[in-house]
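Take a look at the structure below.
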Amino acid sequence: MLRLLTLLALLSQNFAWGEPVVDLVRVLKSEHKLQLISVGKVTREFDVALGGQPIGHKLQEGDGRTPEGFYTLDYKKSDSAFYRALHISYPNSLDIAAAKARGVSPGGAIMIHGQKNGLGWLSFISQGFDWTNGCIALTNSDMDIVWGEVNEGTKIEIKP
């Protein structure tokens with residue numbers, strides 16, 4: 001009974017009637033997919049473009065890779081150079097330590113975002129290849145959905 005009450009309290013804080021609560025964002029790099037997950041079920045799935053060198057975990061600034069692992073979407077940025085952006089908490093302490101051991105910067109400013117401002121109309125072309133510096137890019141219309149359904153503090157899992 002206590003579990004049920006706890007679950008109901010959690011849902012009442014975060015639940016918009018008719019809309020599932022997104023508790024995890026999952027990115028499947030090899031499939032170029034971003035999934036919104038609620039209570040273990042995929043509620044939406046979108047095609048994405050990744051960093052120009054999508055295979056492997058981000059090791060350092062400028063490598064063109066999208067990180068892999070568990071992070072947090074820690075803030076929303078509406079004044080980005082790209083259409084809306086959700087900041088990913090990369091680098092974490094492990095990423096920083098690994099980069100330091102190699103004598104390089106881990107990089108940062110990794111986001112989920114839409115198209116470059118003013119160029120959204122080109123997404124039918126740009127979403128066909130990996131073009132970011134390590135970010136995860138959506139069409140602007142898909143970014144509107146993600147922006148509306150994902151809260152700051154939501155966990156993100158980025159898989160190879």
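T132 places a side-chain N or O within donor-acceptor distance of the main-chain N or O of L50, the cut-off being under 3.5 Å. Judged by distance alone, the side chain of D63 and the main-chain N or O of L59 form a donor-acceptor pair under 3.5 Å. Using a distance-only test at 3.5 Å, with no hydrogens or angles considered, no donor-acceptor pair links the side chain of S38 to the main chain of V22. Under a 3.5 Å cut-off, the side chain of Q127 and the backbone N or O of A137 do form a donor-acceptor pair. In this structure, K159 contributes its side chain and R26 its backbone to no donor-acceptor pair below 3.5 Å. A donor-acceptor pair is defined here as one N or O able to donate and one able to accept, closer than 3.5 Å; no such pair exists between the side chain of K58 and the backbone of P106. Of the possible polar contacts, one joining the N117 side chain to the Y83 backbone as a donor-acceptor pair under 3.5 Å is found. Distance alone, capped at 3.5 Å, places no donor-acceptor pair between the S80 side chain and the K77 backbone. Remark: side-chain polar atoms of D130 are not paired, donor with acceptor, to backbone N or O of G52 under 3.5 angstrom.
No side-chain heavy atom of I156 sits under 4.5 Å from any side-chain heavy atom of F70. Looking only at side-chain heavy atoms (C-beta outward), F46 and I145 come within less than 4.5 Å of each other. For the pair Q35 and V42, the minimum side-chain heavy-atom distance is below 4.5 Å.
Rounding to the nearest 0.5 angstrom, the gap separating the CD1 atom in I96 from the NZ atom in K100 is 10.0 Å. Distance check: I136 CD1 to I112 CD1 gives 5.0 Å after rounding to the nearest 0.5 Å. Rounding to the nearest 0.5 Å places CG of D142 at 11.0 Å from CD of E45. Atoms CZ and NZ, on R44 and K33 in that order, are 14.5 Å from each other to the nearest 0.5 Å. Put simply, CD on Q115 and CH2 on W121 are 11.5 Å apart, with the number rounded to the nearest 0.5 Å. Of the inter-residue distances, the one linking L36 atom CG with K41 atom NZ reads 15.5 Å to the nearest 0.5 angstrom.
Under the salt bridge (charged side-chain N to carboxylate O under 4.0 Å, His left out) criterion, D23 pairs with no residue at all, not counting sequence neighbours.
Between F82 and H113, the angle of the ring planes stays under 30°, which puts this pair in the parallel group of the 30/60° scheme. Using cut-offs of 30° and 60° for the angle between ring planes, the Y71 and H57 rings count as parallel.
The pair D144-R84 meets the salt-bridge criterion, with a side-chain N (NZ, NE, NH1 or NH2) lying under 4.0 Å from an Asp/Glu carboxylate O. Of the charged side-chain nitrogens involved, none lies within less than 4.0 Å of a carboxylate oxygen, so that K76 and E152 do not count as a salt-bridged pair.
Residue N92 places its CG atom among more than 12 non-hydrogen atoms of other residues, nucleotides or ligands, all under 6.0 Å distant.
Across every non-hydrogen atom of A49 and W131, the tightest pair is CB-NE1, 3.4 Å. The minimum heavy-atom distance linking P67 with I110 is given by the pair CD-CG2, 3.8 Å. Nearest approach of G108 to P91, heavy atoms of both residues: CA-CD, 4.3 Å. The heavy-atom pair separating W147 from A85 by the smallest distance is CZ3-O, 3.3 Å.
Taking hydrophobic clusters as Ile, Leu, Val, Met, Phe, Trp and Tyr residues chained together by side-chain heavy-atom distances below 4.5 Å, V25 shares a cluster with V146. Linking ILVMFWY side-chain heavy atoms closer than 4.5 Å, directly or via other members, places I158 and M111 in two distinct hydrophobic clusters. Under a hydrophobic clustering in which Ile, Leu, Val, Met, Phe, Trp and Tyr are joined whenever their side-chain heavy atoms come within less than 4.5 Å, directly or via other members, L119 and F124 fall into the same cluster.
Side chain to side chain, S105 and Q60 fail the donor-acceptor criterion of an N or O pair below 3.5 Å. In this structure, a donor-acceptor pair under 3.5 Å is present between the side chains of D74 and H87.
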